[in-house]
Number of protein chains: 2
Amino acid sequence: MTASVSAPSKVELLELLSSVGGAVCQDFAAAASPHGLTHMQVRVLTHVHRDPASMRGIAEALACDASNITGIVDRLEAAGHVRREVSPTDRRVKNVIATDAGRAVLRAIRGTMQAHVAVDTLSAEERALLHGLLERMRPALSGAAAKS
Amino acid sequence: MTASVSAPSKVELLELLSSVGGAVCQDFAAAASPHGLTHMQVRVLTHVHRDPASMRGIAEALACDASNITGIVDRLEAAGHVRREVSPTDRRVKNVIATDAGRAVLRAIRGTMQAHVAVDTLSAEERALLHGLLERMRPALSGAAAKS
DNA sequence: TATTGTTATACTCTATAACTATA
DNA sequence: TATAGTTATAGAGTATAACAATA
């Protein structure tokens, strides 16, 4: 007997991972939409909701070019969810900081996702297992710079 | 002892899944870029590389609006990777069919991904396990219509 | 010189709405 | 009427290159 599943190829696993990941992104977007946020804006807000981060730091965490972050933070700032603050130690650097309003919105979005039916498909043990497997793969992916 | 991992929350699992899935998408895009294709074009080509599919069918499989598929297939067709064919049974329907050139390009891209170091992070058993867990979650996600 | 952030540009993806041609 | 596909539109994300301010 060849295990429970019919031995999918490595590429098929990557295709499935990209497909499922994309679907989760869409669900994040759907949860954020009522609050006027996009998925990328949620990711940036998530990255700075606890500790401030520089524009460059955000770009590395999200594995995209720094020039993209300007527009995303522009829109978050216009909505009052974050603010920019020039670093006291290096005046070239701008730190992005979540506002109380931004944290409240993020809390609401994460609350919606917390209730997502997909996560209840798996038991707590399976979720921990899945989490561990994904964590092990991540450093070898393009978003390797992403720390959180 | 609380298992091997410090019990991540449901939301954290979804965030990780979306992050890892996004990174895999980027790696697909990087593998496709030398051939002049984008990640979405690869997904469409993958969907029709064996059997033809209608525009509507592709849209449902990729969980996006049908109007998007027009442009994506336009570009694939201009590059000679697919062709459109009016259905013999319903003249409203157009079936998208991969060309030999399209299949060759897809084979090359999948070959690049097959050698991706990230999949070697896990053993064959772990890959099968991961595949099974993802398959179980997928029906409960927004891309639930996606069959492959 | 090197780095941070921004701007300008061009392209792809995205959803919505309106249109056509078929059924 | 309803459906398949397209077009038009507007917005968001993406990378590249060039730029100003600062180190």
Side-chain angles (χ1 to χ4, degrees), chain A residues 18 22-23 25-30 32-45 48 52-79 82-96 142-143, chain B residues 18-19 22-23 25-30 32-45 48 52-79 81-96 142-143:
Chain A
S18 113
C25 288
Q26 283 180 292
D27 290 342
F28 264 106
S33 180
H35 303 277
L37 297 191
T38 65
H39 174 234
M40 284 307 294
Q41 288 169 10
V42 172
R43 287 188 68 187
V44 169
L45 192 51
V48 303
S54 68
M55 300 294 284
R56 218 84 191 178
I58 296 170
E60 283 169 13
L62 273 60
C64 69
D65 193 85
S67 63
N68 302 326
I69 306 302
T70 298
I72 296 173
V73 170
D74 279 351
R75 288 180 273 274
L76 278 173
E77 193 170 34
V82 303
R83 64 175 199 277
R84 274 183 250 232
E85 203 167 85
V86 174
S87 166
T89 61
D90 186 340
R91 293 177 55 195
R92 291 174 304 179
V93 174
K94 287 179 186 170
N95 287 315
V96 179
S142 79
Chain B
S18 115
S19 172
C25 289
Q26 284 181 292
D27 290 342
F28 263 106
S33 180
H35 303 277
L37 298 191
T38 65
H39 173 235
M40 284 306 293
Q41 288 168 11
V42 173
R43 287 189 69 189
V44 169
L45 191 51
V48 304
S54 68
M55 301 293 285
R56 218 85 192 176
I58 297 171
E60 283 169 14
L62 272 60
C64 68
D65 192 87
S67 64
N68 303 326
I69 306 301
T70 298
I72 297 174
V73 169
D74 279 352
R75 289 180 273 274
L76 278 174
E77 194 170 32
H81 297 318
V82 303
R83 65 174 197 279
R84 275 182 248 232
E85 204 168 82
V86 174
S87 166
T89 61
D90 187 337
R91 295 178 55 196
R92 291 173 305 179
V93 174
K94 287 178 188 169
N95 287 315
V96 180
S142 79

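Any value given below was found using the heavy atoms of this structure, including those in side chains, with hydrogens, waters and symmetry copies removed. Chain letters run A, B, ... following the sequence lines, proteins first, then strands; residues in each count from 1.
- Closest contact between the side chain of A:I72 and the listed nucleotides C:dT4, D:dT6, D:dT14 involves D:dT14.
- Within the 4.0 angstrom heavy-atom criterion, base atoms lie near A:R56.
- For A:D74 and D:dA12, the CG to C1' distance is 13 Å, given to the nearest whole Å.
- Checking B:L76, B:V82, B:T38 one by one against B:V44, the side-chain contact (heavy atoms from CB on, under 4.5 Å) holds for a single residue, B:L76.
- Between B:E85 atom CD and D:dG5 atom P the separation is 13 Å, expressed in whole Å.
- Protein atom CG of A:L37 is 13 Å distant from nucleotide atom C1' of D:dA12, rounded to whole Å.
- Summarising the geometry of B:A29 relative to B:H39, their closest heavy-atom pair is CB-CB, 4.2 Å, with the distance given to 0.1 Å.
- Across A:Q26 and B:A63, no two heavy atoms sit closer than the pair NE2-O, 2.8 Å.
- A straight line from CD of B:Q26 to C1' of C:dC13 spans 15 Å, rounded to a whole angstrom.
- Atom-to-atom, CE of A:M55 to C1' of D:dT22 comes out at 16 Å; the value is rounded to the nearest Å.
- Under 4.0 angstrom from either OP1 or OP2 of D:dA4 there lies no side-chain N or O belonging to B:R84.
- Residue contacts for B:S67: at a heavy-atom cut-off of 4.0 Å it reaches a base atom on one of the strands shown.
- Looking at the side chain of B:K94, the nearest of the listed nucleotides D:dG13, D:dT22, D:dG5 is D:dG5.
- Atom C1' of nucleotide D:dG13 and atom CG of A:L62 are separated by 11 Å, given to the nearest angstrom.
- A straight line from CG of B:D90 to P of C:dA23 spans 6 Å, rounded to a whole angstrom.
- Distance check, rounded to the nearest 0.5 Å: CD of A:E77 to CZ of A:R83 gives 10.0 Å.
- For A:C64, whose side chain is taken as the heavy atoms from C-beta onward, the closest listed nucleotide among D:dT22, D:dT14, D:dT7 is D:dT14.
- At the phosphate of C:dC13, OP1 or OP2 sits under 4.0 Å from a side-chain N or O atom of B:R75.
- In this structure, A:M40 and A:R91 both approach DNA chain D, and ranking their closest nucleotides by distance from the 5' end singles out A:M40.
- Note on A:R92: every side-chain N or O is 4.0 Å or more away from OP1 and OP2 of D:dA23.
- Residue-to-nucleotide proximity on DNA chain C shows that, of A:I69 and B:T38, the 5′-proximal contact is made by A:I69.
- In terms of heavy-atom proximity, A:A61 sits nearest to A:R43 at O-NH2, 4.4 Å.
- Each of D:dA15, D:dT6, D:dA2 was ranked by its minimum atom distance to the side chain of A:D65; first place goes to D:dA15.
- Summarising the geometry, the separation between CD on B:E77 and P on D:dG5 is reported as 13 Å, rounded to the nearest angstrom.
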